[in-house]
Amino acid sequence: MTLRIYNTLTRRTEPFEPLAPPRVTMYVCGPTVYSYAHVGNFRTFVLGDLLRRYLEYLGFEVFQIMNITDVDDRTIKAAAAAGVSLQDHTRPFTRAFFEDRDYLRIRPADVYPSATEYIPRMVELVQRLLERGLAYRGEDGSVYYAVGKFEPYGRLSQIERRELKAGARVASDEYTKEDVRDFALWKAATPDDEAVGAAWDAPFGRGRPGWHLECSAMSLTEVRQRFGVETLDIHAGGVDLIFPHHENEIAQSEGATGRPFARYWVHGEFLFIRGTKMSKRFGNQLTARDLREEGHDASAVRMLICSTHYRQQLNFTDEALEGAAEGVRRLADFRERLADAAAGAAAASAPQEAVDLERGFREAMDDDLNVPRAVGALFTFVRGANRELDAGSWGPPEARAALATLETVLAVLDLLPVSEAVDAALEAWVAERLEARRAARKARDFAAADAIRDELAARGIEVEDTPQGPRWRRRGG
RNA sequence: GGCGCCGUAGCCAAGUGGUAAGGCAGAGGUCUGCAAAACCUCUAUUCGGCGGUUCGAGUCCGCCCGGCGCCUCCA
């Protein structure tokens, strides 16, 4: 079995074969830092995270690039409105993005190039396209890509010719385009651009990059400098980017290099809030910070994202999030139980349940990253292993082996909260209370014992009596 | 109008043409001083509707109903 992945370029699920294994180069379209990224953005970033982790599980050496878009219409507009420079506006949101990324336990990419740091590379790319006759200067001082001269244009999005609806609004700067499909590579500087410091000198005029240019310039530069190639193995992003963004990236990159830009195009579907697409317009934007501030553990968010295949729309509701949180709780309790059972032992050969887990996990993930099915295999394992533990048929060596398999799978999915350190004072207090409860129970004074349990519960401590004695944990909040 | 997607139990959701994974919630039971956790049993004779192909369809084809996305710098 090998990984098969759906490639938007061919509209087929294909065996994954990187250009130069074991290396895999991967580019995931990152955030535009004009505001906080919302959970829909993060769904895509989690997809990138899962894909990258699974590739590593398979033994590939992944080099992941994620761009930070810190200059575009929205960042400039927001900075101008706030009366601050572009940098002053984007810096805090960039920092916030990294915080949110860590909250959601998305493993950091290898590099995070930001658009403003790659202006010279972008200028070079525009020059190259001008030299090759694929770009032209408009009367407004902007530079446009001549889509009609790039024969494969439209292959990714399967759009032969973009038709503008009659009466559609046409921005003033578009009057100088030779073809309605042409898009700006370089936009002539406006007073607003100058006011916030979003204008740079270039041989073809002062201005700033068009939206699509940065991804081409940054990804090509990174893989060329590091690996001497001009083709990415994987390029990922949200479905909305297929057109025009990724279509235009292909035109820019392949027009300049003459080589395939990306071998596999992976697109994640949208996340909806109560059945509607998230957008400013509907006032239903939900950011990762909102979730964190509401006290939701990131594990529940990851679990919810993992419950739906990446090419299916995901409906984010409070009820679904609660359900996911309960699943996380079950899984976390189980891992703790298994770890206790494995304490101090060396691993035996893997028990059948563990063998089934790993096989089920791989089969599911190999099938176009079917994470929901992989999670199904995980819970099937939980039930089977609990049964064995109840029956006492696993000794510590079996438990150790099963735990090892579980950890392997969780290294990819990362669905469990990191255990927080318990302060010594609380620990001592709980120990004292549990001892008092033990004495009360021994004296068969159950009223007193239950009162102590309630007292602990009031402080968020949950007690469970097991054959090995009472166990406790912090729960809820 | 063009391109495309979806409709599976109360909720979320997987499903290679061969007889409906998994999670949450719910009911009953085992265990327990009582709980909790865990385990066991039950909860869709059926996959939006109607036709068709087939020995056999949630899975393929057609039509219809309902919902959604892209085609405007939105992940």
Side-chain angles (χ1 to χ4, degrees), chain A residues 11 28-32 37-48 69 72-74 154 157-166 168-171 174 183-184 187 210-212 236-245 248 267-272 275-281 303-304 306-309 311-317 319-331 333-334 336-337 360 364 367 370-383 385-391 441 444-447 449-450 453 457 462-467 470-471 475:
Chain A
R11 311 268 159 160
V28 180
C29 275
T32 300
H38 55 64
V39 290
N41 297 317
F42 279 106
R43 181 191 187 191
T44 301
F45 303 150
V46 169
L47 163 64
T69 300
D72 81 320
D73 285 2
R74 289 176 297 169
S157 54
Q158 311 269 294
I159 291 172
E160 285 303 312
R161 170 168 280 273
R162 183 154 62 120
E163 314 241 345
L164 286 190
K165 287 181 196 164
R169 190 187 113 261
V170 179
E174 290 182 346
F183 58 92
K187 303 176 98 162
W211 176 39
H212 319 294
V239 283
D240 54 324
L241 298 183
I242 295 171
F243 188 89
H245 188 53
N248 292 351
H267 291 100
E269 255 296 349
F270 275 129
L271 177 151
F272 291 80
T276 34
K277 179 180 167 179
M278 221 183 316
S279 80
K280 280 269 160 73
R281 191 155 42 105
M303 181 68 91
L304 180 55
C306 284
S307 74
T308 302
H309 185 88
R311 288 196 288 121
Q312 295 293 330
Q313 293 169 351
L314 185 157
N315 193 12
F316 196 102
T317 64
E319 198 178 4
L321 185 59
E322 286 310 312
E326 286 305 315
V328 167
R329 179 176 293 194
R330 174 169 158 84
L331 195 56
D333 286 353
F334 167 71
E336 196 179 326
R337 181 185 191 195
D367 183 13
N370 195 326
V371 180
R373 212 163 82 208
V375 172
L378 187 56
F379 279 102
T380 299
F381 168 74
V382 171
R383 193 177 57 243
N386 267 320
R387 193 160 33 203
E388 300 293 352
L389 291 168
D390 278 359
R441 291 183 73 207
R444 302 197 69 78
D445 183 356
F446 295 120
D450 289 350
R453 189 165 64 195
E462 194 171 86
V463 181
E464 272 180 35
D465 296 314
T466 75
R471 280 189 6 190
R475 183 143 282 178

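The sequence lines fix the lettering, A, B, ..., with proteins before strands; numbering per chain opens at 1.
- A donor-acceptor contact under 3.5 angstrom links the side-chain atoms of A:R441 to the base of B:rG33.
- The two atoms that bring A:C29 and A:L241 nearest to each other are CB-CD1, 3.7 Å, heavy atoms only.
- A donor-acceptor contact under 3.5 Å is formed by the side chain of A:R453 with the base of B:rA35.
- Note: CZ (A:F243) to P (B:rC70) measures 13 Å, nearest angstrom.
- Where A:R444 and A:A377 meet RNA chain B, the nucleotide closest to each residue was compared, and A:A377 sits on the side nearer the 5' end.
- A:G268 comes within contact range of no nucleotide atom at all, as no heavy-atom separation falls under 4.0 Å.
- Between the CZ atom of A:F446 and the C1' atom of B:rC34 there is a distance of 8 Å, rounded to whole Å.
- Inter-residue side-chain proximity for A:E269 and A:Q313 is flagged as met; some heavy-atom pair is nearer than 4.5 Å.
- Comparing the P positions of B:rG22 and B:rG29 gives an interatomic distance of 24 Å, to the nearest angstrom.
- With values rounded to the nearest 0.5 angstrom, A:E326 atom CD is found 11.0 Å from A:R330 atom CZ.
- Summarising the geometry, atom CD belonging to A:E464 is positioned 10.5 Å from atom CZ belonging to A:R453; distances are rounded to the nearest 0.5 Å.
- For B:rC34, the base has a donor-acceptor partner in the side chain of A:D465 [N/O atoms by modelled type, under 3.5 angstrom].
- Straight-line distance from the CD atom of A:E269 to the P atom of B:rA13: 13 Å, rounded to whole Å.
- B:rU16 is unpaired under the criterion used here, namely a Watson-Crick or G-U wobble arrangement in which both key atom distances are under 3.5 Å.
- Under the Watson-Crick or G-U wobble criterion, with both distances below 3.5 Å, B:rG69 is paired with B:rC3.
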Using the rule given for salt bridge (charged side-chain N to carboxylate O under 4.0 Å, His left out), can you reason through A:R471 versus A:D333, listing the C-alpha separation, both sets of side-chain angles and the distance that settles it, and then say yes or no?
CA-CA 11 Å; A:R471 280 189 6 190; A:D333 286 353; 5.9 Å; no
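- Taking only side-chain atoms of A:F270, from C-beta outward, the nucleotide of B:rC6, B:rC12, B:rA75 with the closest atom is B:rA75.
- Distances were taken from every side-chain heavy atom of A:R373 (C-beta onward) to each of B:rA38, B:rA14, B:rC39; the shortest belongs to B:rA14.
- You'll find that the side chain of A:E462 is closest to B:rA36, out of B:rA36, B:rC24, B:rA75.
- Looking at heavy-atom distances under 4.0 Å, A:E464 makes contact with a base.
- Atom CD of A:E326 and atom C1' of B:rC11 are 13 Å apart (whole Å).
- Between B:rA20 and B:rA9, the distance separating the two P atoms is 16 Å to the nearest Å.
- The side chain of A:S307 places no N or O atom within less than 4.0 Å of a non-bridging phosphate oxygen (OP1 or OP2) of B:rG23.
- Using Watson-Crick or G-U wobble geometry with both donor-acceptor distances under 3.5 Å, B:rG62 finds its partner in B:rC50.
- The A:L241 side chain lies nearest to B:rA75 when the options are B:rA75, B:rA14, B:rG22.
- Taking atom CD of A:Q313 as the reference point, atom P of B:rC70 lies 9 Å away to the nearest angstrom.
- Each of B:rG69, B:rA14, B:rC39 was ranked by its minimum atom distance to the side chain of A:P372; first place goes to B:rA14.
- Nucleotides B:rC65 and B:rG26 place their P atoms 40 Å apart, quoted to the nearest Å.
- No N or O donor and acceptor, one from the side chain of A:D240 and one from the base of B:rG69, sit under 3.5 Å apart.
- Nucleotides B:rG62 and B:rG67 are separated by 22 Å at their P atoms, to the nearest Å.
- Set against B:rA75, B:rC34, B:rA25, the side chain of A:N41 has B:rA75 as its closest nucleotide.
- Residue-level contact check: A:H309 touches the backbone only, with heavy atoms under 4.0 Å from sugar-phosphate atoms and none from bases.
- In terms of phosphate contacts, A:N370 brings no side-chain nitrogen or oxygen within less than 4.0 Å of OP1 or OP2 of B:rA14.
- A:R330 has a side-chain polar atom (N or O) that falls below the 4.0 Å cut-off from OP1 or OP2 of B:rA38.
- RNA chain B is contacted by both A:E319 and A:R387; A:E319 maps to the nucleotide lying nearer its 5′ end (nearest heavy atom per residue).
- Residue contacts shown for A:D450 include a base, since a base heavy atom lies under 4.0 Å away.
- When the C1' atom is used for both B:rA27 and B:rG51, the distance is 40 Å, rounded to whole Å.
- Taking atom CG of A:N315 as the reference point, atom C1' of B:rG69 lies 14 Å away to the nearest angstrom.
- Contacts of A:F379 with the nucleic acid, taken as non-hydrogen atoms under 4.0 Å apart, involve only primed sugar atoms and P, OP1 or OP2.
- An OP1 or OP2 oxygen of B:rC74 is reached within less than 4.0 angstrom by a side-chain nitrogen or oxygen of A:R74.
- Taken to the nearest 0.5 Å, the CZ atom of A:F334 stands 12.0 Å off from the CZ atom of A:R383.
- One atom, CG of A:D390, and another, C1' of B:rA37, lie 9 Å apart when rounded to the nearest Å.
- Taking the side chain of A:T380 as heavy atoms from C-beta on, and the options B:rG22, B:rG33, B:rC70, the nearest nucleotide is B:rG22.
- Across all strands shown, B:rC40 is found opposite B:rG28 as a Watson-Crick or G-U wobble partner, with both distances under 3.5 Å.
- When the P atom is used for both B:rC47 and B:rG58, the distance is 7 Å, rounded to whole Å.
- Contact annotation for A:E322: no contact, since no heavy-atom pair falls under 4.0 Å across all strands.
- Taking the C1' atoms as reference points, B:rU16 lies 13 Å from B:rC60, given to the whole Å.
- Between A:L304 and A:A320 the shortest heavy-atom distance is CD1-CB, 3.7 Å.
- For the C1' atom pair drawn from B:rG2 and B:rU8, the interatomic distance equals 31 Å after rounding to whole Å.
- A:V28 comes within 4.0 angstrom of no nucleic acid atom, judged by non-hydrogen atoms across all strands.
- Looking at the side chain of A:D333, the nearest of the listed nucleotides B:rA75, B:rA37, B:rG22 is B:rA37.
- Residues A:G237 and A:T44 come closest through the heavy atom pair C-CG2, 3.7 Å.
- Distance CG (A:L271) to P (B:rC6): 18 Å, rounded to an integer number of Å.
- Contact of the A:R74 side chain with the A:T69 side chain is not registered, since no non-hydrogen atoms from C-beta on lie closer than 4.5 Å.
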